[in-house]
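Presented below is the structure to which this report refers.
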Amino acid sequence: MASRAGYRPEGSDGSDHWHRESIAWQYKISSINKGRLRLALFLHIMIGLLMFVRLLPGITGAFGFTVVSLRRLDLPHPRPWEYAWLVSLIAAVIGWRSTPQNNSFLLKQFLLGLVVFGIVPIFFAFFDLKKDIVLYLQERKYTYEMFGFPAVLLWFAFLLIALQVHLFSVYFSYILLGSWKPRVTDKLKAR
């Protein structure tokens, strides 16, 4: 290596950088997608907290408590898919914990929990709300109201956002699993 004003080897004008060391592609991919997955998990946790606040009157009622300030909100009774979806927050925490040390086992557990407790309840909810959304779109009639809006529209918006967040999480996790997989060289394959 030459200093700024010192000798430079003949034939080296600095354009031969292509042969120098660079970061392997799997580390670049891992770094980029870890950040993306963490953002998706952060959004998952934020909408999960909104769902928890929405379910709080039902949860306190299930344990026999009556909180007057929660009763004033006059929210519709929780549906079973909402409770099932709320369990997906545990999967989000597991996914968050998998990223610092590239833990493939935890990431696979996250994917399983996300599909079972995140994506399946969303599809069940779309099926459950099908009649309500059709009734609202055709006749502008609705059964429940939340915060001055038709509840079916708020549920539908929540489901679309949650489904997008979950699908992005699955995609980023799949890419991370591929980049965290140990590499096997051709010499080892030949044995």
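Computed over heavy atoms, backbone and side chain alike; hydrogens, waters and symmetry mates excluded.
Of the possible donor and acceptor atoms, none in the side chain of D128 sits under 3.5 Å from a partner among the backbone N and O of F124.
The minimum heavy-atom distance between W96 and F42, with the atom names listed, is CZ3-N, 4.1 Å. Counting all heavy atoms, side chain and backbone alike, L37 lies closest to S173 at CD1-OG, 3.6 Å. Of all the heavy atoms in G48 and L86, the pair that sits closest is O-CD1, 3.7 Å. Taking every heavy atom of both residues into account, K34 and N102 meet most closely at NZ-OD1, 2.6 Å. Taking each heavy atom of P121 and A84 in turn, the nearest pair found is CG-CB, 3.9 Å. Taking both residues in full, the closest heavy atoms of V116 and V120 are given as O-CB, 3.6 Å, listed atom of the first, atom of the second, then distance.
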message = Run F126 and L160 through side-chain contact (heavy atoms from CB on, under 4.5 Å) and show every step you take.
response = CA-CA 9 Å; F126 280 129; L160 287 177; 3.9 Å; yes
*Going through the checks in order, is the side-chain contact (heavy atoms from CB on, under 4.5 Å) test met by L129 and L159?*
CA-CA 10 Å; L129 295 173; L159 291 172; 3.7 Å; yes
| request: Please lay out, stage by stage, how Y83 and I59 fare under the test side-chain contact (heavy atoms from CB on, under 4.5 Å). | output: CA-CA 9 Å; Y83 288 120; I59 293 171; 3.9 Å; yes
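In this pair, F168 and F172 present their aromatic rings parallel. The plane angle is below 30°, not in the 30 to 60° band. The aromatic rings of W85 and H44 lie tilted to each other, with the angle between the two planes from 30° to 60°.
Rounding to the nearest 0.5 Å places NZ of K130 at 13.5 Å from CG of L135. One distance of note links CD1 of I94 with CG of L41; it measures 11.0 Å at 0.5 Å rounding. Atom-to-atom distance recorded for R36:CZ and I175:CD1 is 7.5 Å, nearest 0.5 angstrom. Atom CZ of residue F156 and atom CG of residue L154 lie 12.5 Å apart, to the nearest 0.5 angstrom. The distance from the OG atom of S169 to the CD1 atom of I119 is 8.5 Å, given to the nearest 0.5 Å. Taking CG of L163 as the start and NE2 of H166 as the end, the distance is 7.5 Å to the nearest 0.5 Å.
Using a 4.5 Å cut-off between side-chain heavy atoms of Ile, Leu, Val, Met, Phe, Trp and Tyr, with links allowed through other members, V87 and F52 fall into the same hydrophobic cluster. Each of L50 and V93 belongs to its own hydrophobic cluster when Ile, Leu, Val, Met, Phe, Trp and Tyr are linked at side-chain heavy-atom distances under 4.5 angstrom. L176 and Y174 fall into different hydrophobic clusters, where Ile, Leu, Val, Met, Phe, Trp and Tyr side chains are chained together by heavy-atom contacts under 4.5 Å. With hydrophobic clusters built from ILVMFWY side chains whose heavy atoms lie under 4.5 angstrom apart, L114 shares a cluster with L112. Taken together through direct or relayed side-chain contacts under 4.5 Å among Ile, Leu, Val, Met, Phe, Trp and Tyr, F149 and L137 form part of one hydrophobic cluster.
Other residues, nucleotides and ligands contribute more than 12 heavy atoms inside 6.0 Å of the CZ atom of R79. Annotation for Q101: atom CD does not count as buried by contact number, only 12 or fewer foreign heavy atoms lying within 6.0 Å. Environment of CG in L49: crowded, with over 12 heavy atoms of neighbouring residues, nucleotides or ligands closer than 6.0 Å.
In this structure, the side-chain contact (heavy atoms from CB on, under 4.5 Å) partners of L177, at least two apart in sequence or on a different chain, are S104, L107, K108, L111.
Side-chain contact between P78 and M51: absent, with no pair of heavy atoms (C-beta onward) separated by less than 4.5 Å.
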